[in-house]
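Okay, structure first, notes after.
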Amino acid sequence: MTVSVLGGGIAGLSTLYYLSLRQNIPRVKLFEASSRFGGWVKSSIDKNTGVVFETGPRSLRPVGAVGLTTLELIEKLGIDDKVVPVHRSHVAAKNRMVYAKNKVCMMPNGPGGLIKTIPPFSKPLFFAGLKDIFTGKSKVPLEDESIYDFIARRFGKEIADYAISPVICGICAGDAKEISVKFLFKEIFEKEQKYGGVIKGAIKGRKDKKPEVPIEKTSFMNQAKNEGWSLYRMQDGIEIIPKRIVEKLTDNENFEMNLNSACEQISFKNDEAHISINGTNQPAQHVVSTLPAFTLAKLIDQQHPILANELHAIPYVDVAVINLLYKKENLLKDKGFGVLIAPSENMPILGIIFDSCIVDCNDSTVLTVMSGGRWFDKHYGKDSSDEKLLSAALDGISKILGINEKPDIFEVHLNRQCIPQYVVGHHQRVERIRKYVSDNKLPLSLGGAAFDGVGVNDVIMSSKNIANGLKF
Ligand SMILES: Cc1cc2nc3c(=O)[nH]c(=O)nc-3n(C[C@H](O)[C@H](O)[C@H](O)COP(=O)(O)OP(=O)(O)OC[C@H]3O[C@@H](n4cnc5c(N)ncnc54)[C@H](O)[C@@H]3O)c2cc1C
């Protein structure tokens, strides 16, 4: 039997890794279109300062089953000594800022915000809680709605505008008015629908909690819990995870990992898949796709247009990442994780991450600006040159943080179509997609960021489930 894995990002590579842990493994071939493994996970170390620049993901959260699964992978790969934890008591875990109403506002991080008015909010958050308690159920039961509508309906528009919308920009560079409530709050939403409120749902639905997938806790996982890690980064960058997987599997004769091998078409015939790679036919008894949904759609379009249409309907956004290093310590007035920009400010940038507050950056101030996202075309139109992206980032830093100096080192990366958007109806769409695959008995598993979560933790968990679920 041959299993073909399409895409050599973290999803494809972790699928291979989890397959390698199973008995009687079939032959596994991975095909990656580009000349490197890792996909969006990409880190570089500046030669002069030793500072790590991340082009894609940079922080991971160690919580929940998905968080523990990544910790487990890191430990199995023998790179647990490279973890740089940020504890809950650290300033970067406590101080989260939002730029709204033309100023930087420190988000409430304790009970004080409940009884005091803290800008950008015009009243204490206690009133938002009251609104939830006294607002009844929606008139008709809802299958889904936008995360913005849900929060505005339960807690008021201010919370939706200044607390939730910037967070959605930070997580998926998306517009909270389009993103499904189930993206972040699936369980809360379902209980709200059942019990008529978020607070009521939390109290009355305490026992409804679905049992979590049991994970055998290792001492490393317990360390994360006992020491109260809020998040962590990897010394030398997150790319060490895919790199280490490649190293581990390179000499394993069951696995073949191919670079510069773009899949051009997939067809299914007599329980077999035929994959066209650089003009040659590669038969496989099973295919695991970790490709972006729009790429997979093009590959199967001829034979399965209905499935292709569903996959095409998952939108993606462009995000520019601008890494900046100033050879001066303490340029930041307030320390913290960073500042997210409320979309109501109508700025081209989505947020600024204060890297040098989170990890040691050798006496430099290091910042990362995320730009564009759902509003990329609106702000950059046809001119998305590095100069324009850098200039928008520096304007934003000047306006928001009052830093007017030129960075000593900078990198500009434009990541086209890099984050899938789980818009209203996404979950139902994914169910239809999986039903189509199952009804048509296609030997195809769907992994990667398009389906079951957009973060690194989510795709690793999904790869683990796919690898463990494969029958051979
Ligand atoms: C700017 C940015 C910041 C992020 N920050 C965070 C963060 O801080 N924390 C977090 O948890 N997550 C973050 N994420 C999300 C995280 O990066 C993704 O969840 C993860 O990298 C997705 O991995 P993947 O393997 O599913 O997809 P990808 O990385 O997209 O991998 C897919 C691979 O398929 C290859 N490919 C494409 N077409 C073909 C083809 N025809 N044939 C063969 N191969 C093909 C591509 O070259 C690519 O290598 C961020 C993402 C971005 C873009």
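Remember, it's 1-based here, ligands and their atoms both numbered in the order they're listed.
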- Measure up the Y422 and H426 rings against each other and bin them: parallel (under 30°), tilted (30 to 60°), perpendicular (over 60°).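 The rings of Y422 and H426 lie parallel, inter-plane angle below 30°.
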*asked:* Parallel, tilted or perpendicular: which one describes the rings of F150 and F185, with boundaries at 30° and 60°?
replied: tilted
Next on the checklist: For atom 1 (C) of ligand 1, tell me which residue out of L231, V321, I277 has the closest non-hydrogen atom.
Outcome noted: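 Looking at heavy atoms only, the winner is V321.
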Which option out of A262, P292, G9 puts a heavy atom nearest to atom 31 (O) of ligand 1?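 Answer by nearest heavy atom: G9.
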Part of [X] within contact of ligand 1 (heavy atoms, under 4.0 Å):
{"X": "T295", "value": "side chain"}
{"X": "F31", "value": "backbone"}
{"X": "L60", "value": "side chain"}
{"X": "I10", "value": "both"}

*asked:* Please determine whether side-chain hydrogen bond (donor to acceptor under 3.5 Å, both in side chains) holds for the pair S43 and E54, giving the CA-CA distance in whole Å, both sets of side-chain angles, and the decisive distance to 0.1 Å.
replied: CA-CA 4 Å; S43 326; E54 301 279 11; 2.8 Å; yes
Enumerate the atoms of ligand 1 whose separation from the nearest heavy atom of [X] is less than 4.0 angstrom.
{"X": "R58", "result": "7 (C), 8 (O)"}
{"X": "V41", "result": "21 (O)"}
{"X": "V454", "result": "15 (C), 16 (C), 18 (C), 19 (O)"}
{"X": "C418", "result": "53 (C)"}
{"X": "G448", "result": "26 (O)"}
{"X": "V456", "result": "10 (C), 11 (O), 12 (N), 16 (C), 19 (O)"}
{"X": "G39", "result": "29 (O), 48 (C), 49 (O)"}

Under a 4.0 Å N-O cut-off, is there an ion pair linking R233 with D355?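 Looking at R233 and D355, the cut-off is met.
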Problem set entry | Presence of salt bridge, K186 and E190, under 4.0 angstrom | yes
>> Would you say CG of N222 has more than 12 non-hydrogen atoms from neighbouring residues, nucleotides or ligands within 6.0 angstrom?
In response: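 Yes, enclosed.
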Does ligand 1 have an atom under 4.0 Å from some heavy atom of L6?
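No; L6 lies far enough from ligand 1 that no heavy-atom distance drops under 4.0 Å.
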Just to check, does S261 reach to within less than 4.0 Å of ligand 1 when the distance is taken from its heavy atoms?
yes
Does R416 make a cation-pi contact with Y316 (under 6.0 Å, within 45 degrees of the axis)?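 No, cation not above the ring by the 6.0 Å, 45° rule.
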Fill in: Stepwise side-chain hydrogen bond (donor to acceptor under 3.5 Å, both in side chains) test for Q302 and S267
CA-CA 8 Å; Q302 273 189 8; S267 57; over 6 Å; no
- Task: Could you tell me which residues satisfy side-chain contact (heavy atoms from CB on, under 4.5 Å) with I79, sequence neighbours excluded, listed by chain and number?
- Result: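 Partners of I79 under the side-chain contact (heavy atoms from CB on, under 4.5 Å) test: I74, L77, K82, M234, I240, I241, R244.
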Practice problem: Around atom 9 (N) of ligand 1, find the nearest protein heavy atom and jot down its residue, atom name and distance. | Solution: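 I find the closest protein heavy atom is S59 O, 3.0 Å.
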